[in-house]
Amino acid sequence: MSPLAQLLEAALFAASRPLTLEELATLDPEAGETGTRAALAELRAAWAAADHGVELAEIGEGWQFLTRPDYAEAIERAQFALRPRRLSPAALETLAIIAYRQPVGRVEVDEIRGVDSEAVIDKLLERGLVEVASRGEGLGRPLLYGTTPQFLEILGLKGLEELPRLDELSVALRPPAPAEEPE
Amino acid sequence: MSPLAQLLEAALFAASRPLTLEELATLDPEAGETGTRAALAELRAAWAAADHGVELAEIGEGWQFLTRPDYAEAIERAQFALRPRRLSPAALETLAIIAYRQPVGRVEVDEIRGVDSEAVIDKLLERGLVEVASRGEGLGRPLLYGTTPQFLEILGLKGLEELPRLDELSVALRPPAPAEEPE
Amino acid sequence: MSVPGNPSSTMQDQGGFVVELEQFSGPLDLLLHLIREDEVDITDLPIARIADQFLAAIADLGLNQAADYLEMAARLLRIKAQLLLPRRLGDDEWEDPRSELVRRLLEYQQIRELVDWLHHAAQQRADRFGRGFEQPAPDLPPPPLEIDLNDLLAAAERVIALIPEPVLHRVVPRPLDVEGATARITALLTEREEFGWVDVVGAGAGVVEVLSAFIALLELAKRGTCKVQQPEPFAPMVIRREPARAAA
């Protein structure tokens, strides 16, 4: 492995969160983002070639070493690490709406879900899965919410574009009129 | 690598503390301590053979992956480099509120931002950009924050009066061209 | 009302529903469940039947006090009633009263499908652990901070946009009942020519009652309905009917 790949390995191994390309590129300013990207590819390939229990994953707008899924159960059984708690259906519904409609206000989330979502949104804010993205127009300038990199991370996504496109879903939802204004 | 060596790798990586041989042996009861010891040796050899920035080490309390000593400096540099030099938008907003409203209490900052600002203010305190300026009246005599000389220094201002007046802001800030951001 | 928070605790003895109830994240969810169970066409809802089932379900589930569910029940009944109204022949303007509900149900159904997708993705991700051990960060001086005045000003702009009014004020829900206090004092004034402060607020009055009564009293005095006097410092107030304009 090239020295830069080794350096990246050490840095990624030491970190417990995904590191972005931008961050990693600061390790070797001469290599820049292009050189860093190449070294990352080299590192990933080296790890994939050997049979490892850990692999390099591109996730949540960054790079992170993660254990392979096959070992999760044994590790959890031995109580060396715990899988995160599942999100409730209410939390997932709210996340889905915020992910697809961001920036979106609470009233709209309430309307789509048919229930008050304040408590759920508060919990999502607390867990860092959504954040206040901006303020809307109109009365009281309501807070508008968006998803965070942490949201992508817990879903193992590189970016929002990896979410299924609405027209790929089995239910055809959007009414024919294309530019429907959310009320 | 053997499947057990891979499992050990994943477990050691995921664990938040060094793991002893006995603990590791619970992962695969069939292998027992003897088999586990052999797999650990295999794992250590695999890591030592390739040029890795990380090694498997047996330390006092058990086994743990550690970055190699020759990388310590690079890792340090990396952690140094990876530490944010720039303030997050949330921190900047909070700083702006404190700069313009000082002395100001946390409740007011929370109210303006619409979110809890405790962690952000703590970070600004830690960074030496704001300080406790006084105590307010009323229940619990809340802490009131103000900006520090260091804040001025970083911005290259001689004094707070050099901050643009609020009523100049909108005009001064609208850059000539940029695409309209939906706020 | 214990239902919306944790319905299962109140439902233990009703067995079968407990499991299901935890799956319903709201009235739309329950409605969708009923529709699926009936295998009816969502775009051509048999409203009367669905409405009856919905009412029965929320009664069974003990949800007939939960506002969100009641609202949906009312909506269903309204649509049912609208459908019963005679329709004029050749009325092109007629809009199916179900259409809004159908639109929402379809929208919600899509969300549920996304939920399944997100759930699956989260589960897969949960099977992969990140590094558990955090190497202690070396004790280095923090890197020099970079703050750009423009960034700060932009942040100030954003903040200014957040401030709804030039002056901050806090909106506190006011449990004050000035109207009630006014009525009480007015009644006292028609009864008696003169009475004390204690007669107005009673013995064990809380802060809210005292404030309500005080504001009412000031208002009545301003209108000239009564006169408020304090014989000496710290003495209880005495309220006297103004003879000029008898209390209404």
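Chain letters run A, B, ... following the sequence lines, proteins first, then strands; residues in each count from 1.
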Measure from the side-chain N and O atoms of A:Glu9 to the backbone N and O of A:Leu43, and report whether any donor-acceptor pair falls under 3.5 Å. no
Please classify the contact of A:Arg68 with chain C as side chain, backbone, both or neither, using a heavy-atom distance under 4.5 Å. backbone
What orientation do C:Phe24 and C:His33 show, parallel under 30°, tilted 30 to 60°, or perpendicular over 60°? perpendicular
C:Arg104 and C:Glu107 ion-paired at < 4.0 Å: no
Okay, C:Gln123 and chain A: the region with an atom under 4.5 Å from a heavy atom over there is side chain
So, using side-chain hydrogen bond (donor to acceptor under 3.5 Å, both in side chains) as the criterion, who are the partners of A:Gln64 when residues are at least two apart? none
Check whether A:Tyr100 gets within reach of chain C through its side chain, its backbone, both or neither, counting any heavy atom under 4.5 Å. side chain
Tell me, for A:Leu82 versus chain C, whether the close heavy atoms (under 4.5 Å) come from the side chain, the backbone, both or neither. backbone
Flag if over 12 foreign heavy atoms under 6.0 Å of CD, A:Glu161: yes
Where on A:Glu55 is there a heavy atom nearer than 4.5 Å to chain C: the side chain, the backbone, both, or neither? side chain
With only heavy atoms counted, which part of A:Ile154 is less than 4.5 Å from chain C, the side chain, the backbone, both or neither? backbone
Max heavy-atom pair count under 4.5 Å with chain C, selected residue of A:Ala90, A:Ala119, A:Ala81: A:Ala81
Taking only residues two or more places apart in sequence, or in another chain, which ones meet A:Asp51 in a salt bridge (charged side-chain N to carboxylate O under 4.0 Å, His left out)? none
Most heavy-atom pairs under 4.5 Å with chain A, out of C:Ile42, C:Leu114, C:Val115, C:Leu31, belong to C:Leu114
